[in-house]
Amino acid sequence: MGKELFGTDGIRGIPGEYPLDDATLERVGLALGKHLREQTAHPKVLIGRDTRESGPHIAECIARGLASAGSEPVSAGVLTTPGVAFLVDRDGFSAGVVISASHNPYHDNGVKLISSSGMKFSDSVEAALEQVILSKNGSVSALKTVRLNGDEGLYEDYLNGLRAAIFPGAKFAGMKIALDCANGAASKLAPELFRSLGATVIAINDSPDGRNINAGCGSLHPQQLQKVVVEQGAALGVAFDGDADRALFSTASGKLVDGDGVLLVTGRYLKSTGKLKGNVIVGTTMANLGLERALAQSGLKLVRTAVGDRYVLEEMQRIGANLGGEQSGHILFLDDATTGDGMLTAVKMASLVSITGPLERLVADLKIFPQKIVNVRVRSKPALDSLPEVAQLLRQAEKTLGDSGRVVLRYSGTEPLARVMVEAEREEDVSRWTESLASALQSSIG
């Protein structure tokens, strides 16, 4: 049975409205606290948030529920999603809670739950938590007023962990790096990290006001960063999203490098140093065909899985891989962290530029096949192969494109959308099949 509250990236919504109303949020904390009490007598839960104006209130609601269940909430204040995951795993917290809607606008927010391992809870645990949240059994004590004060010592521990992840031989002194912090959780942390390593930092969109997170900036809108990199003569540009679990990059000439490029250059480097397990990299169905071909030329294999960091992680663990990620810039270095981390990825990429030279040269042979993604708003989400017109068109497209292209149809895990992705060697094939499939979806379930 599908889950009602938990999507692929936790619980999402508009603050004040279900499921981010106070009563539901308190029950989320209550359910998590009860679950943890079954495992340990005195659970401690780390709560971190991004810079949205609704974050502090949501944190207090969650904390109230946790406290009512006998768990101790501990605030990390403003901290990146991977920062919370790192500290939960390293410092022995029973669980973590991240209040963020990642790359969404400020008026959205969300709640992500992190297990004691620093990874997301399993589907079965989330389903069990949902049962408690929706059952209305048990109550949150009105007497439990929880005041949360951020512990800045915690984020320094996280920065120390990032400094330890630099590739050996990298030197940042004299390197000029531009950072677009998306007015989000990395606004203070990322500039501080790279300055402490000796780099000259140009920080933009690093002044959050509660409402400007992701607003025309960050990894969704990297154009400003690309311009600044060229104007300021930076060796590298980094664009984070609101909770800094992903990063995109700009070369010195202003060329954008996404997660596919990151997987290529880091995979090759790890192979050259004997550190890439199995000579395999895990990507998703959205990874560009050009990445697969470039990796093959280097003797590396790309294994594809469903879209979503959870599925990338599960496949990495299943086959024993230590590098994987998504085109969006969500990259997992499992030897260093339990989840995708934009700041960790930035440290790795800056290390590579320091050691091996300009990023543009490192991605020079990555031929990006034309790719188009169209979102179709849908009223329901039946199995796609149960829609005759859509299934027939999909078969035709796959037969026509053969080995020279790919088609991916999937539903969004968080929104009422179907996504159509087509990539091929020729732009006209991309346009033709994208439009045909989107039209068929629209007429069937739009």
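Computed from a predicted model, the values in this text were never measured in an experiment.
Scored by the side chain to side chain donor-acceptor pair (under 3.5 Å) test, T345 finds no partners at all (sequence neighbours excluded). For the side chain to side chain donor-acceptor pair (under 3.5 Å) test, no residue two or more places apart in sequence or in another chain qualifies with T356. Partners of D209 under the side chain to side chain donor-acceptor pair (under 3.5 Å) rule, at least two apart in sequence or in another chain, do not exist in this structure. Not a single side chain to side chain donor-acceptor pair (under 3.5 Å) links D258 to another residue, sequence neighbours left out. Under the side-chain contact (heavy atoms from CB on, under 4.5 Å) criterion, A383 pairs with D385, S386, not counting sequence neighbours.
Counting heavy atoms from C-beta outward, V257 and T251 have side chains that approach closer than 4.5 Å. At a threshold of 4.5 Å between non-hydrogen side-chain atoms, the residues R377 and P416 count as touching. Between M119 and Q317, the closest side-chain pair of non-hydrogen atoms falls below 4.5 Å. Counting heavy atoms from C-beta outward, F6 and L113 have side chains that approach closer than 4.5 Å. With contacts defined as side-chain heavy-atom distances shorter than 4.5 Å, the pair V78/D50 does not qualify. Taking the side chain as every heavy atom from C-beta outward, T434 and M421 never approach each other to under 4.5 Å. Side-chain contact between Y158 and M343 is present, with at least one heavy-atom pair separated by less than 4.5 Å. The closest side-chain heavy-atom distance from L313 to T339 is not below 4.5 Å.
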Intermediate values then yes/no, side chain to side chain donor-acceptor pair (under 3.5 Å), S443 and E389
CA-CA 9 Å; S443 63; E389 183 184 0; 3.2 Å; yes

Working for salt bridge (Lys or Arg N to Asp or Glu O under 4.0 Å), residues E292 and R304
CA-CA 10 Å; E292 188 170 350; R304 295 181 185 270; 2.9 Å; yes

Would you sort out whether R49 and S100 count as a side chain to side chain donor-acceptor pair (under 3.5 Å), showing the intermediate values?
CA-CA 6 Å; R49 59 182 175 84; S100 172; over 6 Å; no

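The salt bridge (Lys or Arg N to Asp or Glu O under 4.0 Å) contacts involving residues 73-95 comprise R90-D157, where partners must be two or more places apart or lie in separate chains. For residues 189-203, every residue pair satisfying the side-chain hydrogen bond (donor to acceptor under 3.5 Å, both in side chains) rule, not counting sequence neighbours, is listed here: Y155-E192, R163-S196. Applying the side-chain hydrogen bond (donor to acceptor under 3.5 Å, both in side chains) test to every pair with at least one member in residues 212-234, sequence neighbours left out, gives these pairs: N205-Q224. Applying the salt bridge (Lys or Arg N to Asp or Glu O under 4.0 Å) test to residues at least two apart or on different chains, the pairs with a partner in residues 347-365 are R268-D365, D336-K348.
Side chains of H330 and D341: no donor on one and acceptor on the other come within 3.5 Å. A donor and an acceptor atom, one from each side chain of S187 and D206, are nowhere located under 3.5 Å apart.
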Output a table of donor-acceptor pairs, distance under 3.5 Å, between side-chain atoms of residues 276-291 and any protein atom two or more places apart or on a different chain; print 'none' if there are none.
| residue | atom | partner | partner atom | Å |
| --- | --- | --- | --- | --- |
| T284 | OG1 | M286 | N | 3.0 |
| N288 | OD1 | G290 | N | 2.8 |
| N288 | OD1 | F369 | N | 2.9 |
| N288 | ND2 | F369 | O | 3.0 |
| N288 | ND2 | E423 | OE1 | 3.2 |

Side-chain donor-acceptor pairs of residues 234-244 under 3.5 Å, sequence neighbours excluded:
| residue | atom | partner | partner atom | Å |
| --- | --- | --- | --- | --- |
| D241 | OD1 | A244 | N | 3.0 |
| D241 | OD1 | D245 | N | 3.2 |
| D241 | OD2 | S102 | OG | 2.9 |
| D241 | OD2 | R246 | NE | 3.4 |
| D243 | OD1 | S102 | OG | 3.2 |
| D243 | OD2 | T81 | OG1 | 2.6 |
| D243 | OD2 | K112 | NZ | 2.8 |

Side-chain donor-acceptor contacts of residues 393-402 below 3.5 Å, not counting sequence neighbours, with atom names and distances?
| residue | atom | partner | partner atom | Å |
| --- | --- | --- | --- | --- |
| T400 | OG1 | Q396 | O | 2.9 |

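Atom NZ of K381 is surrounded by more than 12 heavy atoms from other residues, nucleotides or ligands within 6.0 Å.
Classification of E126 and R310 as a salt-bridged pair holds, one side-chain N sitting under 4.0 Å from a carboxylate O. Here D9 pairs with K120 in a salt bridge; the nearest charged N to carboxylate O distance falls below 4.0 Å. Look at R293 and E425 and you find a salt bridge, because one of the NZ, NE, NH1 or NH2 atoms lies within 4.0 Å of a carboxylate O, short of that distance.
A pairwise comparison of heavy atoms in L248 and G259 identifies CD2-N, 4.1 Å as the closest pair.
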